[in-house]
Amino acid sequence: MSALLQVEGLTKHFPVRRGILRRIVGHVQAVTDVSFAVAAGETLAIVGESGCGKSTTGRALLRLIEPSAGSIRMEGTELTTLSPARMRQMRRQMQIIFQDPYGSLNPRMTVREVLSEPLLLHGVATPATLQAKVAEVLGLCGLSSFHAERYPHEFSGGQRQRVGIARALATRPKLIVCDEPVSALDVSVQAQIVNLLQDLQRQLGVAYVFISHDLAVVRHIATRVAVMYLGRIVEEAPAAELFAAPLHPYTRSLIAAAPRPDPAAGRAKASVEGDAPSALAPPPGCAFHPRCPVAVERCRSERPELRGIGPTRVACHLAEPATDRALPRPLDADTPLARRLAVLAAARARKQEGTAA
Ligand code: SF4
């Protein structure tokens, strides 16, 4: 696999200051020694409970948060040592979509102004071609030219996220970090946005780093999945392998716990038994050992390194090759999102058949 993005040893520790002199009394170990690669046109999902470091990882990739250590190479260019001006240029290739499209769009700017900024800044459009380029990117995202004159508050949540995607797509990046892009949306709208992201990937070949706690969405969209626990990757595998036969006890707990419909919100929430320890003082040995149902003495003192088992990388002393890849699939298709995605996929197939005929 030739990597578009290569991340090695990425670390972000936030200092904790106390007292009048604001002395550093510790570090929140948000992300520690994270390594992965993303190929052109694929989707690497990063999953885990809230506070596991997945969003910090996503933002550190674009240096919206400065890494404490590690290497990030985009098409061979080392990003961590680039000047701010060169980093701004690199953002033509790397963009981000946020969870809250409303919060990430300037309420005083029309959609045209929101999109014009990156188009002109990165030289994708000239004043003469700007109108056509704005219309083109809106069209790609399922919006019309007349939407360009509207303000963010005039859109529904789903439409606002389409504007957020259009803004990210304006410079035709090769990689987009999608930070929980559908978590704030209703299930039916989630399915439309997930399908839109997939269509855009097929059309434009863009790669995604897809950050999510929702395993139903991840299962649908991901090529590969990296599972994070307390700032570290504990398992990484092709999506099909990971969901069919997860090797790490934490991944197994995550999958077994999801989907759990939340009647109040109508959304699936993953929850693993027990509370995650503080990232200020992670447990010694394997950080998962206080919650692990199969922990042994060695787990309390010796941290397991990531090692390869088949196509999987896993950090667990007891992980063994799965003998039965046809394990029961706890994430069955009978969730509101899965049903909605199936309806949309069938409609798309019918449309394609009609076009072909
Ligand atoms: Fe559980 Fe030990 Fe594996 Fe950690 S190393 S996941 S504690 S069995």
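Atoms within each ligand, like the ligands themselves, are counted from 1 in listed order. All figures in this text were calculated on a predicted structure; none of them were measured in a lab.
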Nearest heavy atoms of S253 and F288, plus distance in Å: OG-CZ, 4.2 Å

Closest candidate by heavy atom, reference atom 7 (S) of ligand 1, pool P283, P249, G285, C299: C299

Side chain, backbone, both or neither: H248 near ligand 1, heavy atoms under 4.0 Å: side chain

F155-H147 aromatic ring centre distance below 6.0 Å: yes

Interfacing atoms of ligand 1 (cut-off 4.0 Å, heavy-atom, H317): 3 (Fe), 5 (S)

N/O/S atom of C286 inside 2.8 Å of atom 4 (Fe) of ligand 1, strictly under: yes

Heavy-atom side-chain contact between Q198 and V194 under 4.5 Å: yes

Heavy-atom closest contact (A287 atom, L230 atom, distance): CB-CD2, 3.9 Å

Numbering as shown, the atoms of ligand 1 that approach L318 to under 4.0 Å (heavy-atom distance): 8 (S)

Side chain, backbone, both or neither: the part of C316 lying under 4.0 Å from ligand 1 by heavy atom: both

S116 side chain near V134 side chain, heavy-atom distance below 4.5 Å: yes

Enumerated ligand 1 atoms positioned under 4.0 Å from heavy atoms of A295: 7 (S)

